[in-house]
Amino acid sequence: MENAEVAKSFAELADLMELTGGNPYKVRAYRQAAQVIDTLPGPVSELWRRGELTTIPSIGERIAERIGHLLEAGTLADRDELASRVPPAVLELLAVEGVGPKTVAAAWKALGVTDLDALEQACRTGRLSDLPRMGERRAQAILEAIQRYRARRSDRVPLHRAMFYAESICAKLRKVPGVRTVEAAGSVRRRKETVGDLDVLAAATDPAPPMRAFCELEEVAAVVAKGPTKATVRLRVGLQVDLRVLPPESFGAALHYFTGSKQHNIAIRTRAVHRGIKLSEYGVFDREGRRLSGEREEDVFASVGLPWIPPELREGAGEIEAAESGRLPHLVEERDVLGDLHVHSKASSDARATLEELVEEAARLGRSYVAITDHSRSRPLGLDEKGLAQQRDAIAALNRRAAGPRLLAGIEVDILTDGSLDLPAEALAGLDWVVASIHADFTRPRERMTDRIVRALRSGVVDVLGHPSGRLIGHRDAYELDLEAVLDVARETGVALEVNAMPERLDLTDRACRLAKEAGVRVAISTDAHVAAHLGNVRNGVWVARRGWLEPKDVINTRPLEELWALRQRH
DNA sequence: GCCGTTTTCGGCCCGACTGTTTTCAGTCG
């Protein structure tokens, strides 16, 4: 059992307890534990094996013990007990914006509403508005939220989860005797932000052993289909996975074919037709059907006169033209990222890491600098000028003492509703690093949101615009924004835009990264870490940046600190 | 259930906003 399942179990337990009137503080404890487990870059089972679970903030003795039980027995007793008393589709209602536990409980108990359709009906027929403290406008608002929820909902899995299963399944298949190569293809290889199903390819002369091993994987819930060289399974988490086993001489052709995208493949095959050759998942063939090549993916590209194109670019969005004219970007890699420019400590908000823990983890990851950017005063526990000064002193003291990564004294300052910043410019100007972000009032009209951000960028004290769209994948849509206008001002003022690497944010998106690059705006790939282990999340941001065609020169935190200082325009 | 420069009990973020009310409950960030 892996992080996503463990997190889901505790999140469900929290929801169930909330709906049935459980202790709200316990509810919060379970929910926080679920959140931190879900965003850990490494497997929670490993920490459990080493007895280190309680070193994770928000996980104490009791929850650690229950995680252990969950990993061994696969079940949480009280979650199962509560789940038997609550209809399963009732929990889903909590995902509708503006609908919380009280509303769900009231609709369920008073009206017998047990799923989304029933809630919609109750809104339309006026039964909901007859409940205490409900009304016509509230029913209307819920109706609209249901439409938005339906539009947003999908069976696709966030990339970080899909990557976990892809890596774990590939590693297991590589150990099967006779298997030469195993790769995940499809949208996970292209690093799309959500993945519908996994395509795994294996090269072997005898397909039987990998096929058998695949269908018997411990994460498999059901085998949907199984032939001699192709099988489909459904994992316990609901993700569908296909395996194809190919002869080694076809592996490269198959890898290309099943990586896609569809548009990319059509364009490549069209080129092949013009050159009088035939491409399929089995190889490159001439007119008479004689095999020319196909063992390596490079063979496919070479056959149509192109260099190898990184999978992240294969969207049929100009990559073939770029390859043809030798203008393919040298995409940024995780090892290029030298520092982290958005990190929280326990000095503010719900973050838990001490400065010492952050330095230690950053050193382990080989980072050379980390900007401590806690929240400003309008956030809960946010820093005021006095708190900020104290933190600067603490950071300076630690920098004098420790030889490891350099800590930068920074802030994540709130952009208020009118576009002013939540701390005076003098206080911000003295800092090493200023991230400015929106955390409230998301629903203003497009012009207001754009003006608000533009004003913040023009303040002269901001280095980076944090999570510029505000979206939370699967939970909250991006706010209305004229990104092009923001990019124009960002270029003019020298402010960078963030690629927030928290798996539920990935914000900027891949598309926005590409627009930023075209507009001449640099980005910062930052983790927004709330616990020390989150510093390892950089890779999520690198995936997005690569899909956005970004090269090391486009990403400011690929620079050593001296160059970073030289680059910034506000000093 | 977690946590601790209030450390084994007793707190736990809190203000803004909305829609319903005529003083406030629910939700959100």
Side-chain angles (χ1 to χ4, degrees), chain A residues 9-11 13-19 21-37 53-67 69-70 76 78-79 93-107 110 123 128-145 148-149 344 346-354 374-384 387 390 394 412 414-418 422 437-444 466-467 469-472 475-479 502 504-505 528 530-531:
Chain A
S9 296
F10 282 100
L13 176 57
D15 285 348
L16 288 163
M17 285 178 63
E18 197 165 38
L19 282 182
N23 175 346
Y25 295 112
K26 277 198 192 183
V27 169
R28 196 182 62 175
Y30 287 133
R31 198 161 277 156
Q32 277 179 347
Q35 162 69 22
V36 70
I37 292 165
L53 272 179
T54 52
T55 64
I56 303 174
S58 305
I59 296 181
E61 292 296 332
R62 184 89 184 98
I63 290 187
E65 192 182 302
R66 305 195 62 191
I67 291 173
H69 185 257
L70 186 57
L76 272 183
D78 48 355
R79 185 222 18 207
L93 304 180
L94 290 169
V96 177
E97 276 175 282
V99 176
K102 296 289 195 290
T103 307
V104 172
C123 291
L128 191 81
S129 28
D130 288 343
L131 291 178
R133 298 198 70 89
M134 296 284 174
E136 205 39 56
R137 292 166 68 165
R138 185 133 157 71
Q140 188 56 38
I142 292 176
L143 262 185
E144 287 164 17
R148 285 198 303 277
Y149 170 71
H344 292 275
K346 66 196 297 180
S348 82
S349 72
D350 53 345
R352 305 297 318 175
T354 63
D374 279 309
H375 288 293
S376 57
R377 56 190 175 186
S378 71
R379 292 284 90 208
L381 295 178
L383 298 175
D384 56 14
Q390 285 169 354
E412 181 183 16
D414 259 52
I415 301 174
L416 302 175
T417 307
D418 65 355
D422 188 32
S437 309
I438 288 180
H439 290 110
D441 288 318
F442 298 106
T443 53
R444 310 279 160 177
H467 40 75
S469 88
R471 70 150 177 189
L472 293 173
H475 295 284
R476 191 174 68 211
D477 294 335
Y479 37 71
M502 276 301 255
E504 71 267 36
R505 285 197 183 270
D528 200 356
H530 280 62
V531 305

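Order of the sequence lines fixes the chain letters, A, B, ..., with proteins taken first and strands second; residue numbering starts at 1 for each chain.
- Among the heavy atoms of the strands, none lies under 4.0 Å from A:R31.
- Residue contacts shown for A:K102 are limited to sugar-phosphate atoms, with no base heavy atom under 4.0 Å away.
- Rounded to a whole angstrom, the distance from the C1' atom of B:dC28 to that of B:dC13 is 13 Å.
- Proximity of A:T103 to the phosphate of B:dT27: a side-chain N or O atom is located under 4.0 Å from OP1 or OP2.
- Nucleotides B:dC17 and B:dT22 are separated by 23 Å at their P atoms, to the nearest Å.
- What separates CG of A:N23 from P of B:dG11 is a distance of 14 Å, to the nearest Å.
- Comparing the C1' positions of B:dG1 and B:dT5 gives a spacing of 23 Å, expressed to the nearest Å.
- Interatomic distance, CE of A:M502 versus NE2 of A:H530, reported as 6.0 Å (0.5 Å rounding).
- Across all strands, A:E65 comes closer than 4.0 Å to no nucleic acid atom at all (heavy-atom distances).
- Between A:Y25 and B:dC12, a base-stacking contact is recorded: ring centres under 5.5 Å apart, planes less than 30° from parallel.
- Annotation: the span from A:I37 atom CD1 to A:I63 atom CD1 amounts to 7.5 Å, rounded to 0.5 Å.
- Within the nucleic acid shown, A:S378 has no heavy atom closer than 4.0 Å to any nucleic acid atom.
- Within 4.0 Å of A:P101, counting heavy atoms only, lie sugar-phosphate atoms of the nucleic acid but no base atom.
- Across the C1' atoms, B:dC12 and B:dT18 are found 26 Å apart, a figure rounded to whole Å.
- When each of A:I63 and A:R137 is assigned the nucleotide of DNA chain B bearing its nearest heavy atom, the one mapping closer to the 5' terminus is A:I63.
- Residue A:P57 is classed as a sugar-phosphate contact, given heavy-atom separations below 4.0 Å to backbone atoms only.
- Contact annotation for A:V99: backbone-only contact, meaning every heavy-atom pair under 4.0 Å involves sugar-phosphate atoms and none involves a base.
- Side chains of A:Y30 and A:R79: no donor on one and acceptor on the other come within 3.5 Å.
- The nearest whole Å value for the distance from the CG atom in A:D422 to the C1' atom in B:dG15 is 13 Å.
- To the nearest whole angstrom, the two C1' atoms, one in B:dT27 and one in B:dT20, are 14 Å apart.
- Comparing the same atom, C1', in B:dT21 and in B:dG26 gives a spacing of 13 Å after rounding to whole Å.
- Spacing of P atoms, B:dT6 relative to B:dG11, comes out at 15 Å, to the nearest Å.
- Rounding to the nearest 0.5 Å places CG of A:L13 at 6.0 Å from CZ of A:R66.
- In terms of position on DNA chain B, the residue among A:I59 and A:D441 whose nearest nucleotide sits closer to the 5' end is A:I59.
- Distances were taken from every side-chain heavy atom of A:R138 (C-beta onward) to each of B:dG19, B:dC13, B:dG1; the shortest belongs to B:dG19.
- Nucleotides B:dC2 and B:dT8 have their C1' atoms positioned 13 Å apart, rounded to a whole Å.
- Within the structure, a side-chain polar atom (N or O) of A:R62 is placed less than 4.0 Å from OP1 or OP2 of B:dG1.
- Using bins of under 30°, 30° to 60° and over 60° for the plane-to-plane angle, the ring pair A:Y479/A:F442 lands in the parallel bin.
- A donor-acceptor contact under 3.5 angstrom links the side-chain atoms of A:R133 to the base of B:dC24.
- Of the candidate nucleotides B:dG4, B:dC12, B:dC17, B:dG4 has the atom nearest to the side chain of A:K346.
- In a base pair of the Watson-Crick type (N1 to N3 plus N6-O4 or O6-N4) or a G-U wobble (N1-O2 and O6-N3), with each distance short of 3.5 Å, B:dC2 is matched with B:dG11.
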